[in-house]
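Because only heavy atoms are used, hydrogens play no part in the values below, and waters and symmetry mates are left out as well, while side chains stay in. Note that this is a predicted model, so its numbers are computed, not measured.
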Amino acid sequence: MKRLLVVVDMQNDFVSGALGSGRARKIVSAVCGLIAKERAAGTDVVFTQDTHGADYLQSQEGKLLPVKHCVRGTEGWKLIPELTPSAEGAKVFEKDTFGSTGVASFARSGGYGEILLCGVCTDICVIGNAFLLKAYCPEAVVRVCAAACAGSSPAGHRDALKAMKRSQIYID
């Protein structure tokens with residue numbers, strides 16, 4: 001069965017920058033280990049990159065979350081240094097919203113039977129991508145690697161995992 005690992009928004013601003021947290025920093029080694037394990041098993045690996053313009057604060061998201069982050073070309077927008085070697089030559093999907101229709105379309109056209117997700121934030125972008133992947137690839141097994149995800153809060157992380165499980169997304 002063809003497998004895909006989607007690494008969601010492991011960028012400086014979400015780990016150590018404007019929206020960073022200790023929870024996000026704690027999963028870095030788990031994410032790196034998962035990438036290495038899945039690559040060794042022949043799994044395809046792609047990355048998403050939250051991407052905003054200088055006008056972010058004028059957008060709907062920016063009005064609801066008034067913290068400028070992941071502005072294209074800034075240090076905060078870049079993937080964390082620990083992932084730089086893993087991302088070399090990999091497909092990276094820039095997205096200006098929580099879920100990436102580009103990743104979902106890629107997964108559907110790639111014929112993946114199993115899709116794994118990890119990254120941040122469980123309760124925002126991970127869940128958004130998981131639901132899109134389930135919608136675009138209804139017969140694929142979609143899995144979220146909980147130990148390699150961090151939410152915007154511990155409660156947000158738990159609630160998102162419960163919501164995904166109720167929607168036939170497997171939680172590992």
Side-chain angles (χ1 to χ4, degrees), residues 2-20 24 27-28 30-32 34-39 41-56 59-62 65 67-145 148-152 160 164 167 169:
K2 197 169 173 187
R3 290 167 48 107
L4 175 68
L5 172 62
V6 180
V7 181
V8 179
D9 296 357
M10 289 298 292
Q11 296 163 260
N12 290 321
D13 271 349
F14 288 124
V15 176
S16 57
L19 294 170
I27 68 162
V28 170
V31 171
C32 291
L34 182 62
I35 293 168
K37 175 184 159 215
E38 290 302 324
R39 279 234 170 98
T43 302
D44 292 338
V45 179
V46 298
F47 297 81
T48 69
Q49 200 170 14
D50 197 40
T51 303
H52 301 293
D55 63 345
Y56 170 75
S59 70
Q60 180 175 325
E61 180 185 326
L65 177 64
V67 178
K68 204 169 198 178
H69 65 282
C70 298
V71 174
R72 179 183 276 110
T74 66
E75 200 59 33
W77 173 72
K78 295 178 183 175
L79 294 174
I80 60 172
E82 294 88 340
L83 295 185
T84 302
S86 298
E88 280 185 36
K91 192 151 185 61
V92 178
F93 292 88
E94 292 183 13
K95 60 184 191 60
D96 62 356
T97 186
F98 301 143
S100 170
T101 56
V103 167
S105 294
F106 174 82
R108 180 172 49 199
S109 67
Y112 293 97
E114 189 167 12
I115 305 165
L116 298 87
L117 293 101
C118 66
V120 294
C121 288
T122 317
D123 48 330
I124 303 171
C125 293
V126 173
I127 194 172
N129 281 288
F131 284 149
L132 276 172
L133 287 160
K134 194 66 182 161
Y136 275 61
C137 309
E139 292 303 315
V141 173
V142 178
R143 298 184 174 282
V144 172
C145 305
C149 288
S152 62
M164 288 185 279
S167 298
I169 293 166

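Side-chain atoms of Arg39 and Leu5, non-hydrogen and from C-beta on, never get closer than 4.5 Å to each other. Here the side chains of Ser100 and Phe106 are not in contact, with every heavy-atom distance at 4.5 Å or above. Side-chain contact between Val120 and Cys125 is absent, with no heavy-atom pair separated by less than 4.5 Å.
For the atom pair Cys145 SG and Glu38 CD, the distance stands at 7.0 Å (nearest 0.5 Å). Note that OG of Ser109 is 11.0 Å distant from OH of Tyr136, once rounded to the nearest 0.5 Å. Atom CD1 of Ile35 is separated from atom CG of Leu116 by 11.5 Å, given to the nearest 0.5 angstrom. Atoms NE2 and NZ, from His52 and Lys68 in turn, are 11.5 Å apart once rounded to the nearest 0.5 Å. The distance from atom OH of Tyr112 to atom CG of Asp44, rounded to the nearest 0.5 Å, is 3.5 Å. A distance of 9.0 Å separates OG1 of Thr122 from CD1 of Ile127, quoted to the nearest 0.5 Å.
Closest of all the heavy-atom pairs between Leu133 and Ala107 is CD2-CB, 3.6 Å. Contact record, Ala54 with Val71: N-CG1, 4.1 Å, taken as the closest heavy-atom pair.
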| field | side chain to side chain contact (heavy atoms under 4.5 Å, CB included) between Leu19 and Leu65, intermediate numbers included | value | CA-CA 10 Å; Leu19 294 170; Leu65 177 64; 4.1 Å; yes

| field | Intermediate values then yes/no, side chain to side chain contact (heavy atoms under 4.5 Å, CB included), Val142 and Cys137 | value | CA-CA 9 Å; Val142 178; Cys137 309; 5.7 Å; no

| Would Glu61 and Thr97 count as a side chain to side chain contact (heavy atoms under 4.5 Å, CB included) if you check the C-alpha gap in whole Å, the side-chain angles of each, and the deciding distance to 0.1 Å? | CA-CA 8 Å; Glu61 180 185 326; Thr97 186; 5.8 Å; no

| task | Determine, step by step, whether Val7 and Leu34 satisfy the side chain to side chain contact (heavy atoms under 4.5 Å, CB included) criterion, reporting the C-alpha distance in whole Å, the side-chain angles of both residues, the deciding distance to 0.1 Å, and the verdict. | result | CA-CA 10 Å; Val7 181; Leu34 182 62; over 6 Å; no

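Asp50 contributes no side-chain N or O that, together with a main-chain N or O of Asp9, makes up a donor-acceptor pair within less than 3.5 Å. Of the possible donor and acceptor atoms, none in the side chain of Thr48 sits under 3.5 Å from a partner among the backbone N and O of Phe93. Remark: the backbone N or O of Trp77 is paired with a side-chain donor or acceptor of Gln11 at under 3.5 angstrom. With hydrogens and angles ignored, the 3.5 Å screen pairs a side-chain donor or acceptor of Ser59 with a backbone N or O of Tyr56.
At least one cation-pi condition fails for Lys95 and Phe98: the charged atom is not both under 6.0 angstrom from the six-membered ring centre and inside a 45 degree cone around its axis.
For Phe14, the ring-ring contact (aromatic ring centres under 6.0 Å, His included) partners are His69, not counting sequence neighbours.
Other residues, nucleotides and ligands place no more than 12 heavy atoms under 6.0 Å from the NZ atom of Lys37.
Shown are Val6, Val126, Asn129; of these, the side-chain contact (heavy atoms from CB on, under 4.5 Å) with Val144 is made only by Val126.
Residue pairs meeting the salt bridge (charged side-chain N to carboxylate O under 4.0 Å, His left out) criterion with at least one partner in residues 110-134, sequence neighbours excluded, are Arg3-Glu114, Glu114-Arg143.
Side-chain contact of Asp96 with Thr51: a donor-acceptor pair under 3.5 Å is absent, judged by distance alone.
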